[in-house]
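Below is one structure, written out as structure tokens; comments come after it.
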Amino acid sequence: MRSASWYGDPESYELRQTLSKLQGVPMQNILVGSGIDDLLGLVVRVFLNPGDVAVASAGTYPTFAYHVKGYGGQVHRVPYTDELHHDLTAIAYAARKREAKIIYLANPDNPSGTYYRGSDIKRFLDDVPNHCVVILDEAYIDFAPEDAKVQTEDPRLITMRTFSKAHGLAGTRIGYAICNSEIIDAFHKVRLHYGVNSIAQAGALASLNDREFVQSVVREVEQGRRDYKRLGAKLGLKTIESHTNFVCFDMGDAATARRTMNELLKRSVFVRRFDSPPFDRFIRVTVGSPVERKMFADIFEEVMHVTSMS
Ligand SMILES: *Cc1c(COP(=O)(O)O)cnc(C)c1O
């Protein structure tokens with residue numbers, strides 16, 4: 001890498017070249033951005049006019065909705081199924097009915113941790129109206145089973161990946177989109193050309209050349225999910241089968257979830273809880289390192305005693 005006193009490469013050429021080889025996708029179908037959060041904003045800016053509608057699950061990863069609101073659009077939110085999956089049928093139906101411009105779908109999903117097979121997503125695309133693009137947010141794809149990947153060249157599909165999760169580069173801000181080259185041309189007209197810094201590009205390239213590291217993270221995270229599943233069983237709590245780097249514990253109801261989070265916070269443990277049903281009864285806990293998991297298990301057990309007595 002050249003010195004950081006120079007501007008970085010606005011094309012992320014080397015990184016796109018490497019991604020192209022690894023993914024078997026032509027370079028002109030890859031755009032690098034400052035993380036998925038940045039790329040989500042580009043899609044909204046390009047495809048959504050003020051007053052337009054976008055569709056997403058109610059309670060899914062929130063950044064897409066922030067961008068939609070910021071550009072004067074409206075998010076139509078579709079409830080999850082009882083099994084805590086995206087309701088693909090209802091999402092496609094809503095997109096047709098509301099003449100949506102964009103659908104946002106995270107697979108595997110955050111915060112549920114559930115996933116769909118690529119073949120399910122492909123079938124879903126058949127139901128999506130032609131005027132609508134679909135963002136497939138694959139932030140957690142490295143943690144998912146192989147069959148989660150979608151095999152399609154559907155021109156409406158914009159797939160997004162990040163170096164923030166399995167690659168461990170969240171602080172450097174870098175991710176990429178794979179899509180139709182016409183869509184990429186539209187992104188070039190509005191994107192911030194030096195927004196992806198040279199240190200992030202070098203880090204992303206280095207991590208692509210270190211598959212061992214990513215595989216070790218994925219294995220470690222699988223172990224962590226098993227630990228949490230066992231912890232849940234021991235404490236009499238259901239957990240959602242996760243394909244990400246976190247696990248949701250079912251606290252039974254929203255009040256208990258809130259109380260548990262506050263008690264954990266008093267003990268310097270930060271977990272997430274959610275306002276939107278059905279996730280309002282869950283707390284979401286990051287897998288972390290074995291030492292962190294042990295600490296969490298001890299403190300969580302103590303908190304369970306405290307909250308069950310009050
Ligand atoms: C973490 C996360 C992101 C953010 O990715 P960045 O590349 O760090 O912006 C996007 N989507 C989902 C579902 C996430 O969990």
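As the structure lists them, so they are numbered: ligands from 1, and atoms in each ligand from 1.
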Should V25 and L15 be regarded as members of a common hydrophobic cluster, given that ILVMFWY residues are connected when their side-chain heavy atoms come within less than 4.5 Å of each other, either directly or indirectly? yes
Option nearest atom 15 (O) of ligand 1 (shortest heavy-atom distance, choices R173, H167, K165): K165
Short version for N110: what comes under 4.0 Å of ligand 1, heavy atoms counted, is side chain
Looking at ligand 1, does G175 have a heavy atom less than 4.0 Å from it? no
Where is the nearest protein heavy atom to atom 4 (C) of ligand 1: which residue, which atom, and how far? Y61 OH, 3.3 Å
Any salt bridge linking E241 with K229? Criterion: basic side-chain nitrogen under 4.0 Å from a carboxylate oxygen. yes
Can you measure from CG (N29) to OG1 (T159) and round to the nearest 0.5 angstrom? 10.5 Å
Side-chain heavy atoms nearer than 4.5 Å, only ILVMFWY residues, links allowed to pass through others: does that put V44 and I135 together? yes
Check the orientation of H86 and Y116. Use parallel for under 30°, tilted for 30 to 60°, and perpendicular for over 60°. parallel
Is the closest heavy-atom distance from M160 to ligand 1 below 4.0 Å? no
Give me the ring orientation class for F143 and Y140: parallel if the planes are under 30° apart, tilted from 30 to 60°, perpendicular past 60°. tilted
Could you check whether any side-chain N or O of H85 sits under 3.5 Å from a backbone N or O of S112, counting only pairs where one atom can act as donor and the other as acceptor? no
Ring centre gap for F249 and Y228 strictly below 6.0 Å: yes
Compute the minimum heavy-atom distance from Y140 to ligand 1 and say whether it is under 4.0 Å. yes
Which is closest to atom 13 (C) of ligand 1 by heavy-atom distance: N107, D137, T60, L169? D137
Heavy-atom contacts with S164 under 4.0 Å: which atoms of ligand 1 show up? List them by number with element. 6 (P), 7 (O), 8 (O)
Quick one: which ligand 1 atoms are inside 4.0 Å of a heavy atom on G35? 6 (P), 7 (O), 9 (O)
Which atoms of ligand 1 are found less than 4.0 Å from any heavy atom of T162? 5 (O), 6 (P), 7 (O), 8 (O)
Flag I36 as yes when one of its N or O atoms lies below 3.5 Å from any N or O atom of ligand 1, and as no otherwise. yes
Judging by distance only, is a nitrogen or oxygen of D38 under 3.5 angstrom from one on ligand 1? no
